[in-house]
Amino acid sequence: MIRAYSLSNFPEEGFKLYREMRNRGITPDPLSSSFVTKSCIRMSSLLGGLQVHAKILEDGHQSDSLLLTTLMNFYSSCQKFDDACKVFDEMPQRDTVAWNVLISCYTRNGRTRDALGVFDMMESKRCGSQPDDVTCLLVLQACSNLGALEFGGRVHSYIREHGFGNAVNLCNSLIAMYSRCGCVDKAYQVFKGMPSKDVISWSAMISGLASHGHGREAIEAFWEMQRMGVAPDDQTFTGVLCACSHSGLVDEGWMFFDCMSKEFSVTPNVHHYGCMVDLLGRAGLLEQAYQLILSMRVRPDAAMWRTLLGACRIYGHVSLGECVIEHLIELKAQEAGDYVLLLNTYSSVGNWEKVIEVRKLMKEKEIQTTPGCSTIELTGVIHEFLVDDISHPRKNEIYEMLDEIGKQLKIAGYVAEVTSELHDLGSEEKESSLSYHSEKLAMAFGVLATPPGTTIRVAKNLRTCVDCHNFAKVLSGVYNRVVIIRDRTRFHHFREGRCSCNDYW
DNA sequence: TTAGGGTTAG
C-alpha cells in the first residue's frame, strides 16, 4: 500500500501509513522504508526523509544497499549533495544503479566533469560495476551540458559495442548530445539509422536542426513526421517555432502558431510565445511582438521582455526599449544584461548622452556585468578565455596570431565594427570595440593550435556580437576553416565567408 | 508461500 501511494499523486498518504505502522509497534522491512523514502522525495519533504533515515538506522537496516540507494537519491533530490555522497561512501556494496545515482547527483550539483569521471572509472572496471543503458543516458546529458563532443563520441561507441544501439531512449539522447555539441550531421546520422522513431526523436531532431539554422529542413522534418503518423506535442512545436524564428520565417511561424491549438490540440505555453516574440522581434515587427505579449493569458516573465528588449537593440527602437525596461523593473527582474541591452539600444541610434546616463545608473546600482567567456576543446582538454585574457600559457603566441589574422582579414575587407557593443564587457569602463573579445582569442588559439582545415568549435556563454560575427565570417573564408560558435541561444556555422544564420547583417 | 525495490530520453 505504501508503495502504491509512493507512486501516486498522494505520496503523503504513504507517509501517514508508515507512521501508523510505527505507532502500532510494527518495524517496517527495508522495502517499506524504501517506499516511504520515495514518498518523501515526491513530497520534497526533507524533514520526513531525515526522520525515515534515523529510523532506518534504529531498525538496523543501514547495510541494505538498495535502501541506501533510495536514500542517496533522496538527499540528492533535496540538494543535500554532501549527505548523498556520505551515504554512498558508507554503502557496503555498490552496484551499477548506485553509481548511476552518484552520476545524477553530480550532474544536479553542477559537478558535470566528475560525472564523466565516474563513467571513466566504471568503464575501466576499477569500481566493479559496468556502465549500463541508464549510465549512458545520464552521461550523455552531462556531455550535452559541457559540449564535450569527444567524450560523447566515446559513450556512443560504448553504446554500440554493448548492444544498446537500437534503444530508442539512447538514440534520442545521442541526437540531443550531437546537436548540442555542434554536430547536427552526426545527430542526423543517428536519427536516420533508428529503426523506429517516437515523438521525442522527431522533436529532438527538429530542435537540433533549428538551433543550427536549418529552418527549412526542420519544417520539412515536421511534415515528414506527420506523414509517418507521429502526433506532435508541445516540445515539437517549440522546436518548429524556434526553427521559424532562427530562419526568419514569419508567415510560417504564424501558421504553426495558429494551427498548433486548432489542429493539434497543443495549447501555446510560455516557450511558444517566447519563440513568436523572438521571431517577430528579429523581423522588425516590434509592435506586433509587443501586442502578442500583452495578449497572453499568462503573465509574461522577464525572459519574454528581454527577448523583446534584444529586438529593440537590433532595430534601435528607443521608446519601446524604455517601455520594456519599465516592465522589467516592475517585475523586479532587471539584470546587468538588461541595462547593457538598453545601453546598446541608445548607442545604436547614437544617443550618447543616454548611454552615459545608463552607465552612471549601472555604477550607482552596483550592477555587475557577466564577463564574456569562450571555451574551445582540444584533444579532450577545455581551454577557457575571458575578454582581454592574458592567463593562457600560450598568450604571446595567441596575441601575435590574433594580430596576424587581423591583418589578413583587413586585406579581405573586414572592417572592425565601431559602434559600442557591450556584450562581452569585463568591466563597464572598457570599450569593447577596443578590446579582444573572448571568442576572438579562442578562434586565434584554434587557428594556432590545430592543423589547417580543422573545424574550430567555440562555445560562448553570452551572445556573440556583430563584430566578432563578422570576424568569424571573414576568417572562415580567408583561412579556409569551418568555424562553429555556440552562443547563448544558437549555433553559428561559418563556412567560406558566410554564416548559416540570419541574425546579423 | 508469494511479490513487491533503487537510477532512466527531447
Side-chain angles (χ1 to χ4, degrees), chain A residues 1-7 14 28-42 49 52 56 61 64-77 84 87-88 91 93-108 115 118-119 122 129-145 152 155-156 159 164 166-180 184 187 190-191 194 196-211 218 221-222 225 230 232-240 242-243 271:
Chain A
M1 201 61 218
I2 297 178
R3 172 177 178 268
Y5 278 129
S6 75
L7 299 170
D29 63 357
L31 272 181
S32 317
S33 303
S34 173
F35 294 139
V36 77
T37 308
K38 244 186 149 174
S39 289
C40 294
I41 295 174
R42 290 199 60 143
V52 175
I56 288 169
H61 295 149
D64 188 308
S65 300
L66 272 70
L67 178 52
L68 292 181
T69 310
T70 320
L71 259 180
M72 236 183 108
N73 196 37
F74 158 75
Y75 282 117
S76 166
S77 62
V87 173
F88 181 82
M91 284 172 80
Q93 287 120 27
R94 302 175 191 102
D95 62 2
T96 299
V97 182
W99 288 98
N100 288 348
V101 177
L102 182 69
I103 292 175
S104 92
C105 178
Y106 281 157
T107 313
R108 283 201 259 217
V118 174
F119 181 83
M122 290 173 84
S129 305
Q130 280 221 19
D132 64 0
D133 52 338
V134 178
T135 319
C136 294
L137 279 177
L138 294 166
V139 174
L140 285 175
Q141 283 181 324
C143 292
S144 293
N145 294 339
V155 179
H156 192 178
I159 287 170
F164 305 138
N166 284 334
V168 179
N169 55 353
L170 282 172
C171 290
N172 293 346
S173 268
L174 283 168
I175 294 169
M177 183 277 291
Y178 278 126
S179 298
R180 293 189 57 197
V184 248
V190 174
F191 177 76
M194 289 175 77
S196 70
K197 305 173 180 77
D198 62 9
V199 59
I200 299 179
S201 330
W202 285 98
S203 307
M205 196 62 244
I206 288 170
S207 299
L209 288 166
S211 68
F222 177 82
M225 177 184 177
V230 181
D233 66 8
D234 54 337
Q235 297 206 53
T236 319
F237 280 105
T238 305
V240 170
C242 200
H271 301 291

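Here is how names work: the chains are called A, B, and so on, in the same order as the sequence lines, proteins then strands, and each is numbered from 1. When reading the values below, keep in mind they use all heavy atoms of this one structure, side chains included, and skip hydrogens, waters and symmetry mates. Everything numeric here is computed off the predicted structure, so don't read it as measured data.
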Nucleic acid contacts - residues 96-103 of chain A versus DNA chain B, non-hydrogen atoms under 4.0 Å: Val97(A), Ala98(A), Asn100(A), Val101(A)

Give [X] one of three labels, base, sugar-phosphate or nothing, depending on what nucleic acid heavy atoms sit under 4.0 Å from its own.
X	result
Asp198(A)	base
Ser207(A)	nothing
Ser104(A)	nothing
Thr236(A)	base
Leu140(A)	nothing

Whether Phe191(A) and Trp202(A) hold their rings parallel, tilted or perpendicular, with breakpoints at 30° and 60°: perpendicular

Terminal contacting nucleotides, 5' and 3', DNA chain B versus chain A (heavy atom, 4.0 Å): dG4(B) to dG10(B)

Side chains of Ile200(A) and Ile175(A) in contact at under 4.5 Å (non-hydrogen atoms): no

Beyond-backbone contact of Met72(A) with Leu68(A), side-chain heavy atoms, under 4.5 angstrom: no

Just by distance, with hydrogens left out, do [X] and [Y] show a side-chain donor and acceptor under 3.5 Å apart?
X	Y	result
Asn100(A)	Asp132(A)	yes
Asp198(A)	Ser201(A)	yes
Asp233(A)	Thr236(A)	yes

Atom pair CG (Asn73(A)) and OG1 (Thr37(A)), whose distance is rounded to the nearest 0.5 Å: 10.0 Å

Gap between atom CG of Leu137(A) and atom CE of Met177(A) - 0.5 Å precision: 12.0 Å

